[in-house]
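To keep things clear, I will list the structure first and then write my remarks on it.
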Amino acid sequence: MEGINNTAVKYFILLTLTDYRQYEILLFLTFLLIYIICLIGNIAIILITKMDHSLHTPMYFFISMFGTCEIFFVSSVVPVLLSNLIADMKSISFTGCFVQVCAIATFGATECYLLAVMAFDRDLAINYPLHYSRIMRRDFCILLVVLPWALCIINALIATFFTTGYKYCGSNKLNHFMCELGPLQHVACVVPPTNRLTVTITEIYGIVLPFCINILMYIHIITTIVRIRGEKSKRKAFSTCSSHITVATLFYGTASIAYMVPQTNNMSKYLSLIYSLVTPSVNPFIYTLRNKDVVTAFRKLSKRIS
């Protein structure tokens, strides 16, 4: 924490959506509504998978854990965004900024690894159906969820610690609506090579590695599905993983483009808004509308409540 005490910058100004100052109240209400939809949708998925015994399977266990992670991820971003939209001074304290960096890095990387775990689950179910029940025991499923959380927390703490080692003695204006590693590196006046290398390694571990695992798993899955004889059997096999492919594509698609676009470009923060707020609110609908089991469970639960 010595790096925090020695810095000349005491707080950061988040430029948020400065191009649309005249629409800030409208944007506040819109993002608040999307946030509420996101919370309700993901909580509904968690409750449905918990209350319906037919959904007590590894696949739905991982979906509920992914929904839990999405709630934490969105909640680490949106409250700050909403408060800055209606505040005159759109700022965040130095310590508060790095708390948000750590939270976003933890939950974001955990989402990436949970997507990889879900891809592994589908790969196992399609390619090794006879061994699936023996391998995917409850204790192993819990381990596949707990391990990414633990490793991603450590990874995020390392990234945050080394980012505080940058020297922030110039501009304190972040062209973003949240504190992220990229924008912070852009405004730092001195970035020690060791710190930059360490942060890059943590980003590769947190984003690139699980992305590669996802790609490899789905290459294996698609190769198997293509070899299946009969259109009906192919459709049935593909339907078990189509929702996950859609969610993974949305998440990695927008996140990848956001990181490739220069941090000085406003397009980067608009894309970040999509993967950090819009995508998590859409995911529950993808899992329900494209999944007969969840739709059936939801109808049963609705009848029970009414």
Side-chain angles (χ1 to χ4, degrees), residues 30-31 33-46 48-49 59-60 62-78 81 104-123 145 148 152 176-178 180 182 203 206-222 225 238-261 265-295:
T30 302
F31 295 151
L33 178 62
I34 296 173
Y35 181 48
I36 293 170
I37 291 171
C38 176
L39 293 180
I40 292 173
N42 282 291
I43 290 171
I45 290 288
I46 294 166
I48 290 169
T49 55
M59 183 176 78
Y60 293 109
F62 294 136
I63 287 174
S64 67
M65 290 299 100
F66 184 75
T68 303
C69 188
E70 290 221 302
I71 290 172
F72 285 124
F73 178 68
V74 173
S75 297
S76 67
V77 174
V78 178
L81 169 62
I104 291 171
T106 298
F107 302 132
T110 303
E111 279 195 7
C112 292
Y113 275 97
L114 286 178
L115 286 171
V117 167
M118 291 159 76
F120 167 73
D121 173 70
R122 291 300 83 207
D123 180 59
V145 170
C152 289
H176 219 296
F177 57 87
M178 60 181 173
E180 272 197 316
E203 288 179 322
I207 301 170
V208 179
L209 181 58
F211 174 73
C212 291
I213 294 171
N214 267 289
I215 293 294
L216 291 173
M217 289 295 174
Y218 274 104
I219 288 173
H220 194 206
I221 289 170
I222 292 168
I225 292 174
F238 185 74
S239 66
T240 63
C241 55
S242 59
S243 297
H244 179 262
I245 291 175
T246 306
V247 169
T249 303
L250 280 172
F251 180 81
Y252 279 115
T254 52
S256 300
I257 298 170
Y259 276 94
M260 285 190 289
V261 173
N265 194 320
N266 284 336
M267 185 58 66
S268 174
K269 63 181 177 182
Y270 298 144
L271 289 168
S272 298
L273 194 62
I274 293 173
Y275 78 75
S276 63
L277 178 58
V278 179
T279 302
S281 65
V282 172
N283 288 345
F285 296 100
I286 294 172
Y287 283 123
T288 52
L289 295 176
R290 301 191 64 175
N291 192 304
K292 292 180 180 179
D293 294 334
V294 177
V295 172

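Residue numbers start at 1 and run along the sequence shown.
D121 pairs by the side chain to side chain donor-acceptor pair (under 3.5 Å) definition with Y132, not counting sequence neighbours. Residues passing the side-chain contact (heavy atoms from CB on, under 4.5 Å) test with M178 are V77, Q100, I104, H176, E180, S272, Y275, S276, sequence neighbours excluded. The ring pair (Phe, Tyr, Trp, His ring centres under 6.0 Å) check on Y252 picks up F211, with sequence neighbours excluded. Under the side chain to side chain donor-acceptor pair (under 3.5 Å) criterion, Y60 pairs with N291, D293, not counting sequence neighbours. Residues passing the ring pair (Phe, Tyr, Trp, His ring centres under 6.0 Å) test with F107 are F72, W149, sequence neighbours excluded. The side-chain contact (heavy atoms from CB on, under 4.5 Å) check on L209 picks up Y113, Y205, I213, with sequence neighbours excluded. Qualifying side-chain contact (heavy atoms from CB on, under 4.5 Å) partners for A105, counting only residues two or more places apart in sequence or in other chains: A156. Residues that satisfy the side chain to side chain donor-acceptor pair (under 3.5 Å) test with T30, not counting sequence neighbours, are absent from this structure. For the side-chain contact (heavy atoms from CB on, under 4.5 Å) test, residues two or more places apart in sequence or in another chain that qualify with I219 are I215, T223. Residues passing the side chain to side chain donor-acceptor pair (under 3.5 Å) test with E111: none are found, sequence neighbours excluded.
The side chain to side chain donor-acceptor pair (under 3.5 Å) analysis of residues 35-44, with sequence neighbours excluded, yields the pairs Y35-S75.
Contact between G67 and I46 at its shortest, heavy atoms only, is C-CD1, 4.1 Å. Shown here for I63 and M118, the closest heavy-atom pair between the two residues is CG1-CE, 3.8 Å. Residues F251 and C112 come closest through the heavy atom pair CE2-SG, 3.5 Å. When all heavy atoms of T106 and C152 are compared, the closest pair comes out as O-CB, 3.9 Å. Of all non-hydrogen atoms in P210 and A116, the two that sit nearest each other are O-CB, 4.0 Å.
In this structure, CZ in F66 is found 10.5 Å from OG1 in T110, a value given to the nearest 0.5 Å. Between C241 atom SG and D123 atom CG the span is 9.5 Å, to the nearest 0.5 Å. Rounded to the nearest 0.5 Å, atoms OG (S243) and CZ (F285) are 14.0 Å apart. Between Y218 atom OH and T249 atom OG1 the span is 9.0 Å, to the nearest 0.5 Å. Atom CG of L39 and atom CD1 of I34 lie 12.0 Å apart (nearest 0.5 Å). Atoms CG and CG, from L277 and L81 in turn, are 7.0 Å apart once rounded to the nearest 0.5 Å.
The side-chain heavy atoms of L273 and F31, taken from C-beta on, include a pair separated by under 4.5 Å. Residues I245 and I221 fail the side-chain proximity criterion, which asks for heavy atoms closer than 4.5 Å. I45 is not listed as a side-chain neighbour of N283, based on a closest heavy-atom distance of 4.5 Å or more. At least one side-chain heavy atom of V145 sits less than 4.5 Å from a side-chain heavy atom of F62. In this structure the side chain of H244 reaches within 4.5 angstrom of the side chain of L115, judged on heavy atoms.
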